[in-house]
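What follows is a short report on a single structure.
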Amino acid sequence: MAGSVTYALTGNRPMLGKRLQARSWHLVLGLSFGLILLPIGITGALLSTQVLVSAVSPLRQDLSALSLAAVLARMEKARMENHLTEVEALERSEDGTLIVSIREGYQLTRHYFSAASGELLGPVPSNSFYTAIERFHRSLLLAKPGRIIVALSALSLMLLTASGLRLTLKRQGGWRRLFSRPKEGGLSGLHTLMGQLALAPLFILSSTGLILALYRFELLPQSGPDRLIYPETPVELAPVPASSLAAFQDLPLSTLISLTFPIEGDWFDVYSVKTKQNYVFFDQFTGAALSEHPLNNGQRFMALMLTMHTGRGMVVYALLLGLMAMAVPAFFVTGLLLWCRRTSQSRAFAQDDDDGTADTVILVGSQSQSTWSFAQALQRSMLSLGHRVLLTDLDAIAPYPNAKLLFVLTSTFGAGQAPGNGQRFLERIEQLPRSVAWHFAVLGFGDSHYDHFCRFADRVAERLGAIAPILLPTMKIDRQHLPSFAHWGALLGQRLNQTVSLEALTHNVKELSFTVLQQTVYRFEEHLAVDLLISSTAADKVGDKVGDKAGDKVGDKAGDKAGDFSPGDLLAVRVPGNEDHRERLYSIAANPHKGQFQLCIKLDRLGLCSPFLTALPVGAIFQARLQSNPRFHCPASETPLVLIAAGTGVAPFIAMIQANRSRRPIELYFGCRHPDHDFLYGPELRQSLISGQLTALHTAFSRQQGKYVQDRLAEQTDRLVQHVRQGSIFMVCGGLAMAQAVAQQMDKLLTQQAECGMDMTLAQLKQQQRYLEEVY
Ligand SMILES: Cc1cc2nc3c(=O)[nH]c(=O)nc-3n(C[C@H](O)[C@H](O)[C@H](O)COP(=O)(O)OP(=O)(O)OC[C@H]3O[C@@H](n4cnc5c(N)ncnc54)[C@H](O)[C@@H]3O)c2cc1C
């Protein structure tokens with residue numbers, strides 16, 4: 001153990017690890033093709049405006065009511081009046097203009113033509129602004145190599161949208177939440193929001209662009225006009241004007257794409273007409289259709305691809321595409337900034353970001369969430385020393401082949417058991433290889449007055465010791481004693497030959513000021529609970545969640561908005577001026593509205609914080625910290641919920657019920673002493689039943705009916721079995737005694753049902769994250 005641990009710090013690990021994940025794909029593609037996609041996106045957006053320019057152009061004409069013959073008659077009149085010389089072809093463009101190709105000797109020029117007056121409206125510019133932009137957009141002005149690069153960029157954009165979709169699904173919590181408000185704020189939230197808006201259009205743009213490029217490179221089957229067999233006019237007769245041919249009388253101009261005239265003086269030649277449906281060749285003397293070639297499926301498909309890619313003829317769609325094409329540079333810029341931020345040493349790696357690149361892993365076992373603050377302080381310190389740090393749940397333990405250091409910070413629950421997010425640790429560690437690459441250290445958190453002080457931390461250290469060399473002996477932190485934690489940091493620093501500074505913990509905890517707006521007291525005999533309506537003071541930004549373990553927010557000082565609150569989140573309160581500096585956590589009982597929250601506090605007369613909070617008068621100001629509590633967030637899916645609580649344990653459920661706008665089935669089992677005295681949030685719950693946000697309410701009033709929540713569960717066996725079968729999620733919140741009684745009842749119920757063939761135990765429910773507990 002003497003000396004310091006030395007290891008190679010590989011700050012620039014390659015991103016392509018063994019498990020190339022969606023994030024890595026996204027990053028690699030974005031960084032490699034971003035600079036090329038940038039001008040392609042901008043030129044695409046510019047090209048989309050062409051449709052609008054054409055739509056308002058004076059050259060645009062209403063051609064919908066005209067037949068081809070009517071236009072030909074005007075053309076012939078113009079020729080007679082010497083306005084026109086030899087016309088070789090007539091085209092109708094999607095933007096409502098008519099173009100004639102005129103041959104003078106060997107010179108072929110194209111002119112806009114007025115169907116109304118039969119006059120030429122001016123030459124079609126051969127190298128307009130838009131043609132130059134189009135050439136750049138298609139080939140970067142680099143001819144064939146440029147086209148290949150553009151095609152590859154289209155492919156990369158397609159893959160970027162696919163990987164972006166995958167990441168968004170993961171972040172948002174599934175398809176149902178794909179379009180709900182991004183969970184994270186700031187730059188990351190903006191990037192996600194743009195993805196939500198632009199993923200589908202960008203997928204259309206990239207896939208159609210790729211198909212068009214493949215077609216151009218003849219990598220897709222070709223079948224165009226050059227494969228057509230041109231017939232000949234069989235018999236020479238007296239010439240007739242084109243406008244008099246019956247076939248052209250019935251041909252609406254709106255379906256025409258182009259008409260090519262027979263060469264003057266060549267009686268074999270024919271009229272060739274291209275419409276949206278076919279190619280038809282007509283006898284120049286009789287107008288009889290000599291042959292017809294319908295467009296094949298490939299040609300129709302390519303026409304559709306072109307329309308979808310350019311939006312030609314559809315102003316709104318084209319502009320929408322243009323707007324979405326502008327998202328490409330915006331994605332590049334925000335993505336690049338996010339990447340810079342992530343790679344900078346001050347960024348954290350979240351649980352989701354286990355891409356195998358971290359050299360330091362911090363695993364947190366926490367029941368009350370308070371251990372996360374300590375873990376984050378360690379994380380910040382290690383990041384500042386240049387380490388790549390993964391911070392995640394204790395249950396997530398894995399071999400981490402690239403890690404050199406592994407820290408476990410864990411509390412102990414009940415009689416030496418694992419806290420909520422560490423219950424699978426002992427089972428999972430058995431699955432690890434017998435020898436790993438990292439050194440480890442364990443830090444236990446607990447209260448030395450209780451039996452089993454840090455017992456679980458000892459068990460963790462023992463198991464880890466069997467597979468990995470120890471870095472530091474296990475240290476136990478009594479009641480969040482900050483100097484002990486700082487001392488451990490100093491020991492760690494000595495061991496690593498680096499300065500690990502953990503004193504900053506208290507300074508990094510951003511507390512906000514809250515004012516008490518209203519106080520509702522529930523009293524039954526000597527028991528007292530107080531509902532506090534509180535508001536953040538104007539100077540503070542509510543929602544600034546320090547202590548949030550959800551990756552991107554770790555250490556993020558930018559104030560999130562109140563809307564970032566999720567039901568299940570907590571308020572951490574420290575009693576001012578007391579040597580007991582431990583935070584007490586309280587569930588936030590109502591969705592924040594304009595910075596207002598509700599808390600429900602049960603008075604523990606022998607305690608410290610609950611007497612402080614329950615005695616606060618209206619107008620009093622106190623400091624507290626908002627803490628995200630993802631472990632007890634309402635599961636994202638629309639799966640039915642069975643909520644079980646007693647007393648103040650109902651608080652987080654009130655927030656969940658209020659947030660149930662989609663009316664997912666939610667049942668609440670609630671226990672208190674007396675309906676007239678401590679039925680917390682009774683009116684709100686009754687209102688939720690009426691509005692459908694709560695499906696059923698089962699109450700147990702111990703002093704009136706002699707019943708507890710577990711008794712209500714026992715009465716509702718069939719209902720609960722149905723819930724277990726249909727995949728419902730159970731959430732339990734409140735005191736330890738209640739939680740144990742409920743767990744026993746559920747266990748009993750499931751054991752009984754096992755005899756009837758139901759294959760589910762309470763342990764399995766917990767393992768599947770379908771039985772969540774918040775116990776205090
Ligand atoms: C996730 C979470 C959510 C919570 N939500 C709520 C909520 O919504 N509403 C709510 O009311 N509470 C909630 N709590 C509980 C809350 O955080 C406090 O634990 C509770 O209010 C008691 O705090 P206190 O400071 O008043 O008591 P403490 O000072 O913490 O003391 C608690 C009890 O332990 C005893 N005690 C203290 N030290 C010792 C010792 N050394 N030896 C033996 N006994 C000791 C005290 O006499 C007292 O009876 C929640 C807890 C958690 C973890």
Side-chain angles (χ1 to χ4, degrees), residues 364-373 411-414 419-421 445-454 477-481 519-523 526-534 545 547-549 565-590 597-616 622 624-633 643 645-656 670-672 678 680-681 731-739 772-776:
V364 182
S366 177
Q367 187 72 32
S368 71
Q369 310 305 312
S370 55
T371 311
W372 284 99
S373 320
S411 62
T412 296
F413 180 62
N421 64 342
F445 289 82
D447 186 334
S448 61
H449 293 91
Y450 290 92
D451 295 341
H452 316 292
F453 173 53
C454 294
I477 307 285
D478 190 9
R479 284 168 290 167
Q480 304 181 359
H481 191 241
Q519 196 197 47
T520 313
V521 178
Y522 297 87
R523 197 186 297 271
E526 77 283 9
H527 304 284
L528 186 127
V530 171
D531 176 68
L532 282 188
L533 177 68
I534 58 172
K545 286 190 258 183
D548 187 339
K549 78 177 175 82
F565 160 86
S566 299
D569 282 349
L570 304 162
L571 198 73
V573 185
R574 205 185 293 271
V575 178
N578 195 290
E579 63 176 22
D580 183 347
H581 46 257
R582 286 179 298 158
E583 286 178 332
R584 268 64 164 185
L585 298 171
Y586 295 90
S587 305
I588 295 171
F597 297 87
Q598 263 170 288
L599 300 179
C600 194
I601 305 124
K602 178 187 160 204
L603 173 67
D604 183 337
R605 291 179 204 280
L606 300 173
L608 175 68
C609 194
S610 57
F612 164 72
L613 284 175
T614 50
L616 287 175
F622 66 100
R625 185 175 67 83
L626 287 163
Q627 180 164 308
S628 174
N629 187 19
R631 205 186 56 79
F632 207 64
H633 280 173
L643 310 177
T648 56
V650 77
F653 298 152
I654 297 295
M656 288 176 198
F670 175 64
C672 64
D678 60 349
L680 305 170
Y681 304 101
M731 298 179 81
V732 183
C733 185
L736 185 62
M738 181 273 310
L772 309 174
E773 289 172 300
E774 185 90 283
V775 183
Y776 45 87

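In listed order, ligands and their atoms are each counted from 1. Residue numbers run from 1 in the order of the sequence given.
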Counting both backbone and side chain atoms, is some N or O of D447 under 3.5 Å from an N or O of ligand 1? no
Considering only heavy atoms, which of A572, G568, S587 lies nearest to atom 8 (O) of ligand 1? S587
Report yes if some heavy atom in the side chain of C733 is under 4.5 Å from a heavy atom in the side chain of F632; otherwise report no. yes
Can you tell me if D478 uses its side chain to pair, donor with acceptor, with the backbone of S448 under 3.5 Å? yes
Where does Y776 meet ligand 1, judged by heavy-atom distances below 4.0 Å: at the side chain, the backbone, both, or neither? side chain
Of L608, L680, D604, the residue with the heavy atom nearest atom 48 (C) of ligand 1 is D604
Considering L606, L599, L585, I588 one by one, which has a heavy atom nearer to atom 17 (O) of ligand 1 than any of the others? L585
So the atoms of ligand 1 within less than 4.0 Å of a heavy atom of P611 turn out to be 26 (O)
With distance as the sole test, does Q519 use its side chain to make a donor-acceptor pair with the main-chain N or O of V530 at under 3.5 Å? no
Under 3.5 Å: N/O of C609 near N/O of ligand 1: yes
Numbering the atoms of ligand 1 from 1, which are under 4.0 Å from a heavy atom of I601? 11 (O)
Return yes or no for this condition: an N or O of E774 is under 3.5 Å from an N or O of ligand 1. no
Please check this pair: side chain of D678 against backbone of Y522, looking for a donor-acceptor N/O pair closer than 3.5 Å. no
Report the part of C600 in contact with ligand 1, treating N, CA, C, O as backbone and CB onward as side chain, heavy atoms under 4.0 Å; options are side chain, backbone, both, neither. backbone
To the nearest 0.5 Å, what is the distance between SG (C609) and CD1 (I601)? 8.0 Å
Is a donor from one side chain sitting under 3.5 angstrom from an acceptor on the other, for S610 and D604? no
So, does N421 use its side chain to make a donor-acceptor pair with the main chain of V364 at under 3.5 Å? yes
